[in-house]
Amino acid sequence: MKEIFFIFVGGGVGSTLRYMVSMLWQHLSLHPRFHDTVMPWPTLAVNIIGCALISIFCNYSERLGLTYETRLLLTTGLCGGFTTFSTFSYEALALLRNGYAGTFIMYILLSVCLGLAAAAIPFVMKD
């Protein structure tokens, strides 16, 4: 039962952080340089960061001596709440539906390729 509590806390923190990234992007969108983009940058950013974080947490948890509960908090909770496949899917289809086929393809390619590259960081950094 305590595992659920750790996942709940991590998920709440992760979801709040994701919301804060979206609010930061809205603030930046007020600037003319960022205003006219249709690319869903906040979702792309949180998913790539989340890919790196979950890989780092999983690969270094044993070396750092993290407890099982802490690993659940950081991976299932924090990363699960921070990243979002459902929003990625919805935004990708919205791009396609609104006639942004090129941006749709770029969004999918960037999400998958950069996500995998971010998740590979700990494997490249291993001694």
Side-chain angles (χ1 to χ4, degrees):
M1 191 63 153
K2 70 178 176 179
E3 291 89 358
I4 293 172
F5 174 75
F6 282 92
I7 294 168
F8 173 77
V9 170
V13 171
S15 297
T16 302
L17 289 173
R18 180 177 61 213
Y19 177 76
M20 291 171 67
V21 168
S22 294
M23 292 298 95
L24 174 63
W25 182 257
Q26 276 188 328
H27 177 72
L28 291 175
S29 294
L30 299 175
H31 190 282
R33 251 178 48 182
F34 296 96
H35 184 68
D36 292 330
T37 183
V38 295
M39 178 69 81
W41 293 111
T43 304
L44 180 64
V46 299
N47 284 340
I48 292 168
I49 293 166
C51 286
L53 288 176
I54 197 165
S55 190
I56 289 167
F57 294 150
C58 288
N59 280 289
Y60 292 105
S61 63
E62 207 170 291
R63 183 183 298 174
L64 297 172
L66 300 180
T67 65
Y68 176 69
E69 291 82 6
T70 303
R71 281 183 279 165
L72 283 176
L73 182 137
L74 294 173
T75 57
T76 307
L78 180 72
C79 291
F82 186 59
T83 60
T84 173
F85 188 75
S86 57
T87 302
F88 159 74
S89 300
Y90 178 80
E91 289 173 342
L93 290 175
L95 288 169
L96 192 59
R97 187 176 54 244
N98 291 316
Y100 298 105
T103 307
F104 165 80
I105 292 167
M106 184 187 309
Y107 183 45
I108 291 172
L109 289 174
L110 284 172
S111 295
V112 173
C113 293
L114 293 177
L116 288 170
I121 290 170
F123 298 104
V124 174
M125 295 173 48
K126 272 197 170 181
D127 23 44

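Computed from a predicted structure; not experimentally measured. Along the sequence shown, residues are numbered consecutively beginning with 1.
In this structure, Tyr100 is a member of the same hydrophobic cluster as Leu109, with clusters built from ILVMFWY side-chain heavy atoms closer than 4.5 Å. At a threshold of 4.5 Å between side-chain heavy atoms, the hydrophobic network of Ile, Leu, Val, Met, Phe, Trp and Tyr places Leu53 and Leu72 in two separate groups. No single ILVMFWY cluster, assembled from side-chain heavy atoms under 4.5 Å apart, contains both Trp41 and Tyr90.
Partners of Thr87 under the side chain to side chain donor-acceptor pair (under 3.5 Å) rule, at least two apart in sequence or in another chain, are Thr84.
Between Thr70 and Leu64, the closest side-chain pair of non-hydrogen atoms is not below 4.5 Å. A heavy-atom distance below 4.5 Å is not found between the side chains of Ile121 and Ser55. Between Thr83 and Phe88, every side-chain heavy-atom pair lies at or beyond the 4.5 Å cut-off. Here the side chains of Ser61 and Leu74 are not in contact, with every heavy-atom distance at 4.5 Å or above. Counting only heavy atoms from C-beta outward, the side chains of Phe104 and Arg97 never approach each other to under 4.5 Å. Looking at Phe82 and Ser15, their side chains never come closer than 4.5 Å, going by heavy atoms from C-beta outward. Residues Tyr107 and Thr43 are in side-chain contact: their nearest non-hydrogen atoms beyond the backbone lie under 4.5 Å apart.
Residues Leu44 and Leu110 share a closest heavy-atom pair of CD1-C, 4.0 Å. Considering every non-hydrogen atom in both Arg18 and Gly81, the closest pair reads NH1-O, 3.1 Å. Leu95 approaches Val38 most closely through the heavy-atom pair CD2-O, 3.4 Å.
The salt bridge (Lys or Arg N to Asp or Glu O under 4.0 Å) pairs that include a residue from residues 69-86 are Lys2-Glu69, where partners are two or more places apart or lie in different chains.
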> When you look at Leu24 and Val21, which way does the side chain to side chain contact (heavy atoms under 4.5 Å, CB included) test go after all the steps?
Replying inline: CA-CA 5 Å; Leu24 174 63; Val21 168; 5.6 Å; no
>> I'd like to know whether Ser89 forms a side chain to side chain donor-acceptor pair (under 3.5 Å) with Ser86, so could you lay out the CA-CA distance, the side-chain angles of the two residues, the decisive distance to 0.1 Å, and finally the verdict.
In response: CA-CA 5 Å; Ser89 300; Ser86 57; over 6 Å; no
>> side chain to side chain contact (heavy atoms under 4.5 Å, CB included) for Met20 and Trp25? Distances and angles first, verdict last.
In response: CA-CA 9 Å; Met20 291 171 67; Trp25 182 257; over 6 Å; no
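Other members of the cluster containing Tyr19 are Met23, with ILVMFWY side chains joined at under 4.5 Å, either directly or via other members.
Side-chain atoms of Thr16 come within 3.5 Å of backbone atoms of Gly12 as a donor-acceptor pair (strictly under, hydrogens ignored).
For Tyr68 and Phe6, the distance between ring centers is not under 6.0 angstrom.
Between the SG atom in Cys113 and the CE atom in Met106 there is a gap of 12.5 Å [rounded to 0.5 Å]. Atoms CD1 and CG, from Ile7 and Leu78 in turn, are 12.5 Å apart once rounded to the nearest 0.5 Å. A distance of 10.5 Å separates CG of Asn98 from OG1 of Thr103, quoted to the nearest 0.5 Å. In this structure, OG1 in Thr75 is found 10.0 Å from CG in Leu66, a value given to the nearest 0.5 Å.
Cys79 pairs in a side-chain contact (heavy atoms from CB on, under 4.5 Å) with only one of the listed residues (Ile49, Ile54, Val46), which is Ile54.
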